[in-house]
Amino acid sequence: LENILSNLEKTQSYERISSQPAVMRDITVDLPKKYEANTISNEITKPISGFVQSVKLVSIFDLDKEFRSLTYRVKMQDFEQTLTSKQIEDEVNKIKNHLITCFQAKFRV
């Protein structure tokens, strides 16, 4: 066992930790069932301002034979400052507009 352990590469990786608070927003999108939930999740991270830290699928609801509703929890955070309401709203709108462009997504009020 000592031979194996001594030959293992010892790499350490660290993630930067922010002292600023994280903000969670749920985004519910109605889409045709042909789109994979993972594909949508990947697209949510594309309109990057640097604020989106993670995206997690939290619910799936079948609307009918062709459509379903997907809810994603988006974690946003800036490492330098507390996000303002306007910055958060702008980022959510960028995400929604991107999903509309890519998938003709629909959002309920």
Side-chain angles (χ1 to χ4, degrees):
L1 184 59
E2 287 178 18
N3 289 335
I4 294 171
L5 292 175
S6 65
N7 289 323
L8 288 177
E9 239 183 81
K10 295 180 181 178
T11 58
Q12 296 178 351
S13 63
Y14 298 96
E15 287 185 31
R16 186 174 173 197
I17 298 174
S18 176
S19 62
Q20 305 303 320
V23 177
M24 305 292 192
R25 287 291 182 269
D26 287 352
I27 298 175
T28 301
V29 58
D30 296 344
L31 294 165
K33 290 182 179 180
K34 68 180 180 180
Y35 297 116
E36 295 290 326
N38 197 30
T39 301
I40 307 305
S41 179
N42 291 336
E43 288 298 322
I44 288 174
T45 61
K46 284 192 176 176
I48 293 194
S49 62
F51 298 149
V52 175
Q53 299 297 314
S54 65
V55 177
K56 180 180 176 183
L57 179 66
V58 292
S59 77
I60 299 174
F61 181 77
D62 287 333
L63 300 171
D64 57 33
K65 290 180 182 179
E66 295 179 28
F67 290 89
R68 65 182 170 182
S69 181
L70 304 167
T71 301
Y72 294 91
R73 181 152 297 140
V74 180
K75 177 183 172 187
M76 292 179 269
Q77 188 174 37
D78 187 11
F79 287 95
E80 306 302 324
Q81 64 182 358
T82 301
L83 294 174
T84 65
S85 295
K86 180 168 179 10
Q87 287 172 309
I88 295 164
E89 195 62 34
D90 287 347
E91 188 67 16
V92 169
N93 287 333
K94 283 182 197 174
I95 291 167
K96 287 181 177 181
N97 288 333
H98 183 68
L99 294 178
I100 289 168
T101 302
C102 293
F103 306 105
Q104 296 76 43
K106 295 185 177 161
F107 300 91
R108 289 183 242 161
V109 177

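This structure is a prediction, so every number in the text was calculated from the model and none was measured.
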Residues that [X] engages under salt bridge (charged side-chain N to carboxylate O under 4.0 Å, His left out), provided they are two or more places apart:
X	answer
E2	none
K86	D90
R73	D26
D64	none

Residues F107, I100; criterion side chain to side chain contact (heavy atoms under 4.5 Å, CB included); working and verdict: CA-CA 9 Å; F107 300 91; I100 289 168; 3.7 Å; yes
Out of curiosity, does [Y] fall in the hydrophobic cluster containing [X] (side-chain heavy atoms, cut-off under 4.5 Å, transitive links)?
X	Y	value
I60	I40	yes
F61	L57	no
L70	L63	no

Sole candidate of V58, V29, T28 that passes side-chain contact (heavy atoms from CB on, under 4.5 Å) when paired with Y72: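 Checked V58, V29, T28 against Y72; only one passes side-chain contact (heavy atoms from CB on, under 4.5 Å): V29.
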Ring pair (Phe, Tyr, Trp, His ring centres under 6.0 Å) against Y35, all qualifying residues, sequence neighbours excluded: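 By the ring pair (Phe, Tyr, Trp, His ring centres under 6.0 Å) rule, Y35 matches F103.
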How many angstroms lie between [atom1] in [X] and [atom2] in [Y], if you round to the nearest 0.5 Å?
X	Y	atom1	atom2	value
D78	T82	CG	OG1	8.5 Å
E91	E89	CD	CD	11.0 Å
N38	N42	CG	CG	5.0 Å
I44	I27	CD1	CD1	5.5 Å
R25	M76	CZ	CE	6.0 Å
L31	L99	CG	CG	7.0 Å

Which atom pair, heavy atoms only, marks the closest approach of [X] to [Y]?
X	Y	answer
A22	K75	CB-CE, 3.7 Å
R68	A37	NH2-N, 3.8 Å
Q81	Q87	NE2-NE2, 3.2 Å

Worked check of side chain to side chain contact (heavy atoms under 4.5 Å, CB included) between K46 and C102: CA-CA 11 Å; K46 284 192 176 176; C102 293; over 6 Å; no
Sequence neighbours excluded, every pair satisfying ring-ring contact (aromatic ring centres under 6.0 Å, His included) that has a member inside residues 74-95: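 Every candidate ring-ring contact (aromatic ring centres under 6.0 Å, His included) pair involving residues 74-95 fails, so no pair, neighbours aside, qualifies.
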Heavy atoms of other groups near K33 NZ, more than 12 under 6.0 Å: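 Yes.
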N/O donor-acceptor pair under 3.5 Å between Q77 side chain and Q20 backbone: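 Indeed, once roles are kept as given, a pair shorter than 3.5 Å links the two residues.
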